Number of protein chains: 2
Amino acid sequence: MNHLKPLDSMDRRILRIVQRDASLTISEIAAQIGLSQTPCWKRLQRLEALGVIKRRIAVLDPKKLGLGLTVFVSIEVGQHSGEELTRFVDCVSSMEEIMDVYRVAGDVDFVLRVVVPDTAAFDVVYGKLRDLIPLKNVTSHIALENIKSETAFPV
Amino acid sequence: MNHLKPLDSMDRRILRIVQRDASLTISEIAAQIGLSQTPCWKRLQRLEALGVIKRRIAVLDPKKLGLGLTVFVSIEVGQHSGEELTRFVDCVSSMEEIMDVYRVAGDVDFVLRVVVPDTAAFDVVYGKLRDLIPLKNVTSHIALENIKSETAFPV
DNA sequence: GTTGAAAGGCGCGAAAG
DNA sequence: CTTTCGCGCCTTTCAAC
């Protein structure tokens, strides 16, 4: 299932294009990288088969959906059993307002990115978090401004 | 440029589908929400025109690109002039390893999400950050595990 | 809102150099 | 890798209900 050839420069150029605009046709992509359509299409197929391209999605505008508030939540869990932690992680993951969950090293254990309409909605999420298991410390950082939000990786 | 009608439940159902899979055809989407192709297509057009749908992209797998390390960086800038801050923000935004930049309220001023191959690459980014302007405090939280990473908003 | 249909583009794949 | 060819699906539009 893995790559025999890693990824050559043509593959990378294709990836750079489609991770910014997946609505382009094969012909347009092929023209941009200086290849004809057939090999370009085959490379795209291969990149999808390898799982380098995971899926294609539509990116929505959170503001226009009434989701104006982003909050970063840092959590210190303190002492807990494995089952308690598993339950905590499962519940947190299942909450749709919680977009990202990372376990991190350092003075905190988890970092969450929460997207909600307003502070009232965030308060609900915050309450749910505190009710899951006793947490040693929960710190919230409300986003005042989204300066950059990039979905395209440097390839 | 703004909506006369906000968004009805059909619009939301379309958005829920395409923000998870934009490779579906109009016919498939129409079938899923119980609408015929023509009105479904018109709604999609309208959602794009309104900017609710910003663009369509391919989502790549960072691990398969050799980007195995995510780091959250919290920055306290201390006292600086407006021009210094602007320069800092511009430089930070232009670095492609820095995926997200948020200005936040609380004990820190900025939160960054950095995606790099390894700690050596992160060290380069870290050095660049410190060289931009004198920073009061920079705290890095290395991600040990990505438990959840959601691109679809709750609509 | 619905169906049906037409026109053209494009994905997809085969064939051959 | 390249070009060419073609089938068939899909988008896009129109007309009529």
Side-chain angles (χ1 to χ4, degrees), chain A residues 1-62 64-66 151-155, chain B residues 1-62 64-66 151-155:
Chain A
M1 190 57 82
N2 245 333
H3 41 70
L4 303 169
K5 262 185 311 182
L7 292 179
D8 66 12
S9 86
M10 278 301 188
D11 288 325
R12 277 179 228 282
R13 293 176 72 181
I14 293 173
L15 292 173
R16 269 195 283 272
I17 293 169
V18 296
Q19 78 176 152
R20 292 200 162 78
D21 188 353
S23 70
L24 297 172
T25 65
I26 302 273
S27 329
E28 288 169 317
I29 299 168
Q32 280 191 39
I33 65 174
L35 221 58
S36 56
Q37 296 165 33
T38 308
C40 183
W41 175 78
K42 283 189 176 173
R43 281 167 183 273
L44 263 173
Q45 294 296 309
R46 178 169 157 273
L47 291 168
E48 287 188 356
L50 288 174
V52 177
I53 295 176
K54 289 203 286 188
R55 59 189 191 284
R56 290 149 189 283
I57 65 165
V59 178
L60 309 189
D61 185 336
K64 305 218 170 167
L65 296 170
T151 51
F153 296 109
V155 298
Chain B
M1 190 58 83
N2 246 330
H3 42 70
L4 303 169
K5 263 185 312 182
L7 292 178
D8 65 12
S9 85
M10 279 302 188
D11 289 324
R12 276 179 230 281
R13 293 176 72 180
I14 292 173
L15 293 173
R16 270 194 285 271
I17 293 169
V18 298
Q19 77 176 153
R20 291 197 163 78
D21 188 352
S23 70
L24 297 172
T25 64
I26 302 273
S27 329
E28 288 170 316
I29 299 168
Q32 279 190 40
I33 65 173
L35 221 59
S36 54
Q37 296 168 33
T38 309
C40 183
W41 177 80
K42 283 188 178 172
R43 282 168 183 272
L44 263 173
Q45 294 296 310
R46 178 168 156 271
L47 291 168
E48 287 186 357
L50 288 174
V52 177
I53 296 177
K54 289 201 286 189
R55 60 190 189 283
R56 291 149 190 282
I57 65 166
V59 179
L60 309 188
D61 185 338
K64 306 218 168 166
L65 297 170
T151 50
F153 295 109
V155 298

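Reckoned from all heavy atoms, side chains included, excluding hydrogens, waters and symmetry mates. Values in this document were obtained by computation on a predicted structure and should not be read as measured data.
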Next on the checklist: Quick one, A:Leu7 and A:Leu15 - any side-chain contact, counting heavy atoms below 4.5 Å?
Outcome noted: yes
Item to check | Validation row: A:Leu60, B:Ile53 side chains within 4.5 angstrom (heavy atoms) | outcome: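 The answer is yes, as the side chains (C-beta and beyond) meet within the 4.5 Å cut-off.
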Next on the checklist: Any side-chain to backbone donor/acceptor pair from A:Lys64 onto B:Gly51? Under 3.5 Å, distance only.
Outcome noted: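 Here the side-chain-to-backbone pair does not exist.
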Item to check | Any residue meeting salt bridge (charged side-chain N to carboxylate O under 4.0 Å, His left out) with B:Arg56, in chain and number order, not counting sequence neighbours | outcome: B:Glu48
Item to check | Residue pairs fulfilling side chain to side chain donor-acceptor pair (under 3.5 Å) with at least one residue in residues 26-38 of chain A, sequence neighbours excluded | outcome: A:Thr25-A:Glu28
Item to check | Qualifying side chain to side chain donor-acceptor pair (under 3.5 Å) pairs, either residue in residues 7-16 of chain A, two or more places apart | outcome: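 Checked against side chain to side chain donor-acceptor pair (under 3.5 Å) - neighbours excluded - the pairs reaching residues 7-16 of chain A are A:Asp8-A:Arg43, A:Asp11-A:Arg43, A:Asp11-A:Arg46.
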Checklist outcome for this item: Between NZ of A:Lys42 and P of C:dC12 the distance, given in whole Å, is 14 Å
Checklist entry - In whole angstrom, what separates B:Gln45's CD from D:dT11's P? => result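 Computing the B:Gln45:CD to D:dT11:P distance gives 11 Å.
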Checklist entry - What parts of residues 33-41 of chain A reach DNA chain C, counting only heavy atoms under 4.0 Å away? => result A:Thr38, A:Trp41
Next on the checklist: Could you report the tightest heavy-atom contact between A:Ala58 and B:Ala22, atom names first, then the distance?
Outcome noted: N-CB, 3.6 Å
Checklist entry - Which residues satisfy the side-chain hydrogen bond (donor to acceptor under 3.5 Å, both in side chains) test with A:Asp61, sequence neighbours excluded? => result none
Item to check | Residues within residues 18-32 of chain A bordering DNA chain D, heavy-atom distance below 4.0 Å | outcome: none
